[in-house]
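What follows is a single structure, written as structure tokens, with notes after it.
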2 protein chains.
Amino acid sequence: MTGRRPTIRPVSSVDVAKLAGVSQSAVSRTFSPDGSVSAATREKVLAAAAALGYRPNRIPAIMLSGRSHMVGVVVGGLDNPFYATVLDRFAVALREIGLQVLLVQVADSVALDDALDQLAGYRVDAAVTALAVGTQRAADALSALRIPIICFNSRLTSPWISTVQSDNRTAGRDAADLLADRGVRRPAWMAGPRANAASQERGRGFAERLAARGLPSPTLLRGDDTYQGGQDAVRRLLSTSPPPDGLFCGNDLMACGAIDALRQAGGLSIPRDVRVVGYDDIPQASWQSYDLTSFDQQVERMVAATLDLLAGALAGPPGPTGGRTVRIPVRLVPRGSTRQGG
Amino acid sequence: MTGRRPTIRPVSSVDVAKLAGVSQSAVSRTFSPDGSVSAATREKVLAAAAALGYRPNRIPAIMLSGRSHMVGVVVGGLDNPFYATVLDRFAVALREIGLQVLLVQVADSVALDDALDQLAGYRVDAAVTALAVGTQRAADALSALRIPIICFNSRLTSPWISTVQSDNRTAGRDAADLLADRGVRRPAWMAGPRANAASQERGRGFAERLAARGLPSPTLLRGDDTYQGGQDAVRRLLSTSPPPDGLFCGNDLMACGAIDALRQAGGLSIPRDVRVVGYDDIPQASWQSYDLTSFDQQVERMVAATLDLLAGALAGPPGPTGGRTVRIPVRLVPRGSTRQGG
DNA sequence: TTGTACGCGTTATCAT
DNA sequence: ATGATAACGCGTACAA
């Protein structure tokens with residue numbers, strides 16, 4: 001015999017069949033969307049199932065169909081409210097189309113391989129990643145799963161990987177225009193980590209539009225996408241240089257840290273002395289103490305686009321269907337931190 | 001024949017065995033932690049597996065062992081950074097002990113039943129819930145899964161449910177002591193939704209200690225656990241009554257909203273005019289604009305306790321092992337919002 | 001409409 | 001140490 005627990009066993013369709021006096025197939029058909037059973041049989045089966053507390057087991061169906069209806073969702077750093085929101089929306093949207101979320105939190109890239117092995121073992125049909133940091137190594141590891149991968153705001157590429165991203169470059173340009181319109185003369189740019197491709201694009205769009213407007217290249221502040229990093233970067237800058245009069249930050253967390261440091265360490269007023277623009281439009285951006293102008297990435301639309309790609313990849317036969325990129329426009333959300341004549 | 005995809009098929013152990021010229025059992029043993037194979041055989045198997053890109057499939061093992069090594073994690077509202085952090089820690093901790101996270105986001109209680117049916121179908125070994133709101137209905141639905149459930153900071157009970165919670169009542173008392181020590185005369189309490197049992201406990205502890213210290217009953221403000229709710233509640237209060245000089249909030253989100261409203265709508269200063277205490281110690285509590293005194297629930301310890309309960313329940317034979325409650329002490333984190341002589 | 005039989009990919013047992 | 005085999009619970013083709 002196999003070494004299974006001889007004690008209790010979950011109720012199976014065989015048990016129900018026995019009690020209902022029908023075949024196991026009849027039970028299966030009763031619980032299948034398009035199974036044809038007579039009303040009488042269905043009645044008996046449902047009664048027996050209820051009596052035993054039977055719950056259809058979806059595991060065997062995975063073996064038969066080769067589809068688990070599970071999607072691996074790989075996240076890193078839910079400390080950022082933006083990613084928490086993204087995960088929230090994904091969980092809802094995926095379940096609505098009958099897909100389960102197998103969550104993988106990846107702190108460091110060492111953990112990634114392990115985590116992906118486990119995903120592979122559970123035969124997830126596809127994977128979605130919202131990794132803030134996208135290295136080639138991560139792309140390779142993900143592609144090795146040989147399942148469709150959708151990257152969220154991260155520029156990994158491979159035949160298996162498609163990408164959905166906000167229009168980072170255009171947003172950077174819009175930020176430059178906004179600050180220029182407000183009369184900014186000494187712009188600064190607070191970048192995220194070098195590996196954050198989205199952040200890089202934002203900075204590039206910002207710099208090129210500033211140049212087009214005849215403004216100097218922005219002072220570079222290096223942050224790490226966290227509140228503390230934003231604060232530290234500003235303090236470092238203030239200790240050696242005069243403050244900028246306009247600051248674009250790679251994300252809202254850093255922007256909030258920057259604002260607090262500008263006020264406290266620099267004794268500066270927002271927006272009178274410094275105009276600040278962030279990115280992500282996290283809930284805290286609208287909190288009155290920050291009242292931060294930001295870019296809404298329109299998560300709902302990004303999630304919808306991701307599901308489209310996912311559905312497309314899962315509809316056809318297995319095989320690499322990646323390489324596509326969908327770019328979603330961002331929406332500028334003007335607030336007090338760039339108010340005219342503050 | 002069964003109606004499976006006749007096109008491509010994931011590589012199975014049989015394929016590897018064929019290529020390696022060994023039996024399928026040898027392949028299985030090679031990939032099993034305690035399978036005994038000769039070095040020569042292992043070599044051949046690993047080579048063949050690498051050549052074919054074989055990944056062991058864990059699905060059949062679920063059928064044989066009756067254990068999926070998946071845990072359903074039920075969350076509601078990742079908008080609250082506290083719950084985002086909790087989920088983050090769970091994902092890491094569960095994977096460390098070899099358990100997968102099947103994530104279920106439950107917005108309304110209608111969705112709960114559907115979601116739980118799906119969890120049941122995937123035969124999760126156990127479930128963890130961090131539902132902010134715990135109704136008897138939710139408890140019943142969860143218990144119907146007939147698997148061990150651990151409730152996080154929510155007072156659901158049943159033979160299948162055990163609970164891990166922070167010491168809400170004591171924290172409420174400590175908040176009262178702190179405010180009393182600061183000379184507060186007109187205390188107020190901002191509660192969460194009525195269904196939030198944890199919040200109720202905090203308020204009860206607060207009120208009873210205030211009474212013991214000879215202070216009046218706190219003015220009740222009704223919030224909804226969100227920033228906006230906190231703000232609205234304060235605005236409503238200020239429009240009809242003089243402001244309190246000490247405010248304890250059911251969570252930090254409401255406290256941040258309250259602080260902004262006190263400052264902006266009331267023109268009040270924190271802590272000079274009003275001392276404020278929150279709960280959860282979310283990252284935003286330490287942001288300089290709020291500098292909010294709060295209670296750290298020690299998530300790491302709560303998660304550890306949850307995993308202990310989980311491991312205990314999964315170690316023995318299946319059966320109801322619930323009914324236990326673990327209470328974790330909280331840690332007061334004093335900050336500027338209750339500073340002496342602000 | 002209903003029942004029988006088979007197979008999904010793996011692990012555990014048994015015999016070699 | 002290794003190979004053959006049964007079994008897990010379900011969906012489906014086929015026969016009735």
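Computed from heavy atoms alone, side chains included, the values below leave out hydrogens, waters and symmetry copies. The structure presented is a predicted model; accordingly, all values stated were derived computationally and were not measured. We name chains A, B, ... by the order of the sequence lines, and we start the count at 1 in each one.
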Please list every donor-acceptor pair under 3.5 Å in which a side-chain atom of residues 19-28 of chain B meets a protein atom from a residue at least two apart or in another chain.
{"from": "B:S23", "atom 1": "OG", "to": "B:S25", "atom 2": "N", "distance (Å)": "3.4"}
{"from": "B:S23", "atom 1": "OG", "to": "B:A26", "atom 2": "N", "distance (Å)": "3.2"}
{"from": "B:Q24", "atom 1": "NE2", "to": "B:S13", "atom 2": "OG", "distance (Å)": "3.1"}

Task: A:L64 CG to D:dC10 P, straight-line distance once rounded to whole Å - done: 11 Å
Open item on the list: Contact list please: residues 48-61 of chain B against DNA chain D, heavy atoms, distance less than 4.0 Å, in numerical order.
Closed with: none
- [ ] For DNA chain C, determine which residues of residues 22-33 of chain B have any heavy atom closer than 4.0 angstrom to one of its atoms, and list them numerically.
- [x] B:Q24, B:S25, B:S28, B:R29
Open item on the list: Strictly by salt bridge (Lys or Arg N to Asp or Glu O under 4.0 Å), give each pair with a member in residues 298-323 of chain B just once, sequence neighbours left out.
Closed with: B:R89-B:E300
Task: Canonical and wobble pairing (Watson-Crick, G-U, under 3.5 Å) of DNA chain D, dot-bracket with | - done: ||||||||||||||.|
Task: Within residues 143-163 of chain A or reaching into it, pairs that qualify as salt bridge (Lys or Arg N to Asp or Glu O under 4.0 Å) - sequence neighbours excluded - done: none
Task: Any pair counted as salt bridge (Lys or Arg N to Asp or Glu O under 4.0 Å), so long as it reaches residues 53-65 of chain A, sequence neighbours left out - done: A:R55-B:D117
Task: Summary of salt bridge (Lys or Arg N to Asp or Glu O under 4.0 Å) pairs that have at least one residue in residues 10-30 of chain A, sequence neighbours excluded - done: A:R9-A:D15
Can you give me every donor-acceptor pair (side chain of residues 36-43 of chain A, partner residue at least two apart or in another chain, under 3.5 Å) with its distance?
{"from": "A:S38", "atom 1": "OG", "to": "A:T41", "atom 2": "N", "distance (Å)": "3.2"}
{"from": "A:S38", "atom 1": "OG", "to": "A:T41", "atom 2": "OG1", "distance (Å)": "2.8"}
{"from": "A:R42", "atom 1": "NH2", "to": "A:T30", "atom 2": "O", "distance (Å)": "3.4"}

Task: A:S68 side-chain N/O to A:R123 backbone N/O, donor-acceptor pair under 3.5 Å - done: yes
Open item on the list: Test of understanding: with ring-ring contact (aromatic ring centres under 6.0 Å, His included), list the residues that count as partners of A:F90, not counting sequence neighbours.
Closed with: A:F152
TODO: Mind checking ring-ring contact (aromatic ring centres under 6.0 Å, His included) for B:Y122 and listing every partner two or more places apart, or none if nothing turns up?
DONE: none
Open item on the list: Does anything in residues 117-124 of chain A come within less than 4.0 Å of DNA chain D? Heavy atoms only, and list the residues if so.
Closed with: none
